[in-house]
Amino acid sequence: MPNPFAPDEVQKIKELKGLIATNLKFKMLEFPVLLWEFLDKRAVLTGGAIPSLFHGEQPNDYDLYLKDQASIDAFNKIILPDSDVMKFVEDVNPKYMVGDFLVDGKLVTAQAVTFKNKVQVITMHAADAREKFDYIHCMVQYFPHTDNLYISKHQFDVIKAKRLEYNPKGITNNNMQQVRRMKYVKRGWEEA
């Protein structure tokens with residue numbers, strides 16, 4: 001099967017992969033070795049950080065999904081209220097945050113754990129949840145342990161054009177969809 005990417009696109013993908021690897025490595029090195037090694041082997045970066053880096057923008061956060069339910073269960077054993085890892089977890093701002101927190105005063109919920117360095121580990125779904133993401137541009141994935149970036153030609157084109165295109169297999173919530181759509185429109189993305 002011929003390569004669908006033009007030579008300049010291949011170069012852009014190589015540069016993007018290097019940028020992702022460097023940014024994520026610096027984020028991970030802020031963690032204790034136990035957490036860094038765990039995430040390196042069991043996490044997948046996906047979501048809005050990759051398109052942001054593609055366009056030279058600073059990501060709001062880095063969403064890491066764990067590869068499977070066994071990895072989520074193992075991660076939950078690392079994130080215990082009395083563990084040293086808690087000092088790296090973002091504090092709850094009572095002025096802005098309302099919700100069910102699993103660890104008092106820390107951004108640990110049944111959905112995710114948010115760290116101070118803007119890494120967010122998603123715990124409500126494993127990495128295969130990306131198949132049902134709302135937007136095509138958020139479905140690209142990067143595996144830190146193997147340094148593999150998976151991006152289709154379609155995903156590349158949508159990201160390059162900053163075109164909002166719904167994933168036909170995506171699960172959407174109309175209220176949340178409006179919020180996310182407006183967030184991207186404000187950043188210069190156009191609807192398909």
Side-chain angles (χ1 to χ4, degrees), residues 16-17 19-54 57-94 96-135 137-151 155 167 170-171 173 176 179-180 183:
L16 175 62
K17 185 172 93 165
L19 194 57
I20 294 166
T22 300
N23 276 269
L24 194 55
K25 181 179 180 180
F26 281 121
K27 295 284 182 190
M28 299 296 237
L29 288 174
E30 296 176 19
F31 291 144
V33 173
L34 169 76
L35 181 58
W36 179 87
E37 287 178 346
F38 179 88
L39 292 174
D40 180 62
K41 291 179 181 146
R42 297 191 187 199
V44 179
L45 175 68
T46 191
I50 295 171
S52 292
L53 291 170
F54 182 100
E57 301 165 355
Q58 185 63 36
N60 288 337
D61 56 26
Y62 291 78
D63 291 334
L64 295 178
Y65 282 74
L66 298 169
K67 292 182 181 180
D68 51 35
Q69 187 60 48
S71 296
I72 293 171
D73 295 342
F75 177 77
N76 286 334
K77 291 177 182 171
I78 294 171
I79 304 296
L80 297 173
D82 60 346
S83 74
D84 288 339
V85 174
M86 271 308 130
K87 67 183 174 188
F88 297 93
V89 176
E90 186 67 62
D91 296 325
V92 172
N93 183 338
Y96 299 108
M97 300 302 233
V98 176
D100 295 327
F101 300 102
L102 303 178
V103 176
D104 192 38
K106 294 290 185 177
L107 276 177
V108 177
T109 70
Q111 289 80 33
V113 175
T114 304
F115 292 94
K116 292 177 182 179
N117 66 356
K118 304 213 182 263
V119 169
Q120 184 166 262
V121 177
I122 310 302
T123 55
M124 67 179 169
H125 300 292
D128 61 356
R130 64 169 276 288
E131 296 170 8
K132 295 185 179 173
F133 282 1
D134 53 358
Y135 290 116
H137 72 273
C138 292
M139 297 175 68
V140 179
Q141 52 187 344
Y142 174 75
F143 291 78
H145 190 65
T146 58
D147 191 35
N148 286 328
L149 175 66
Y150 294 94
I151 184 169
Q155 292 163 343
N167 173 13
I171 296 175
N173 167 316
M176 184 54 111
V179 170
R180 284 181 50 78
K183 175 179 88 167

J.: If a pair satisfies salt bridge (charged side-chain N to carboxylate O under 4.0 Å, His left out) and one of its residues is in residues 122-134, list it, with sequence neighbours excluded.
T.: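 Checked against salt bridge (charged side-chain N to carboxylate O under 4.0 Å, His left out) - neighbours excluded - the pairs reaching residues 122-134 are Asp134-Arg180.
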J.: Between Val140 and Ile50, what is the shortest heavy-atom contact and its length?
T.: O-CD1, 3.7 Å
J.: Given the rule in the side chain to side chain contact (heavy atoms under 4.5 Å, CB included) test, do Asp147 and Tyr142 qualify, once you have shown the distances and angles that lead to the verdict?
T.: CA-CA 7 Å; Asp147 191 35; Tyr142 174 75; 2.6 Å; yes
J.: Tell me the closest heavy-atom pair linking Ala126 and Gln69, and the distance in Å.
T.: CB-N, 4.3 Å
J.: Compare every heavy atom of Ala49 with every heavy atom of Tyr62, then report the nearest pair and how far apart it is.
T.: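 Minimum heavy-atom separation between Tyr62 and Ala49: CD2-CB, 4.0 Å.
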J.: Hey, could you give me the CG/NZ distance between Asp61 and Lys118, rounded to the nearest 0.5 Å?
T.: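 Spacing of CG (Asp61) from NZ (Lys118) equals 8.0 Å.
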J.: Quick one: CD1 on Ile122 to CG on Asp63, what's the gap to the nearest 0.5 Å?
T.: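 Here the rounded value is 4.5 Å.
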J.: How about NZ on Lys183, more than 12 heavy atoms from neighbouring residues, nucleotides or ligands closer than 6.0 Å, or not?
T.: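 Atom NZ in Lys183 is packed in, count exceeds 12.
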J.: Any side-chain heavy atom of Leu45 sitting closer than 4.5 Å to one from Lys27?
T.: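 Not in contact.
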J.: Can you tell me how far the OG1 atom of Thr22 sits from the NZ atom of Lys17, to the nearest 0.5 Å?
T.: 11.5 Å
J.: Could you go through Asn117 and Phe31, starting from their C-alpha distance and side-chain angles, then the distance that decides it, and tell me whether this counts as side chain to side chain contact (heavy atoms under 4.5 Å, CB included)?
T.: CA-CA 9 Å; Asn117 66 356; Phe31 291 144; 3.6 Å; yes
J.: Kindly give the heavy-atom pair with the smallest separation between Pro51 and Gly48, and that separation in Å.
T.: CD-O, 3.3 Å
J.: Near Lys67 NZ, under 6.0 Å, is it more than 12 heavy atoms from other residues, nucleotides or ligands?
T.: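 Check passes, neighbour count above 12.
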J.: CG/Leu34 to CD1/Ile78 distance, rounded to the nearest 0.5 angstrom?
T.: 5.0 Å
J.: Once the angle between the rings of Phe115 and Phe75 is folded into 0 to 90°, is it parallel (under 30°), tilted (30 to 60°) or perpendicular (over 60°)?
T.: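 If you compare the ring of Phe115 with that of Phe75, the planes turn out perpendicular.
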J.: Of all the heavy-atom pairs spanning Thr46 and Cys138, show the shortest one and how long it is.
T.: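 So the two residues come closest at OG1-O, 3.1 Å.
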J.: Applying side chain to side chain contact (heavy atoms under 4.5 Å, CB included) to Leu35 and Phe88, what does each step give before you reach the verdict?
T.: CA-CA 10 Å; Leu35 181 58; Phe88 297 93; 5.6 Å; no
J.: Over all heavy atoms of both residues, which pair between Leu16 and Leu149 is shortest? Give the atoms and the distance, please.
T.: CD2-CD2, 4.2 Å
J.: With rounding to the nearest 0.5 Å, note down the distance linking CE in Met86 to CG in Asp91.
T.: 11.0 Å
J.: Nearest 0.5 Å, please: how far is CD1 in Ile20 from CD in Gln141?
T.: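 One gets 11.0 Å once the value is rounded to the nearest 0.5 Å.
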J.: Leu66 vs Leu39, test: side chain to side chain contact (heavy atoms under 4.5 Å, CB included). Steps then yes/no.
T.: CA-CA 8 Å; Leu66 298 169; Leu39 292 174; 4.0 Å; yes
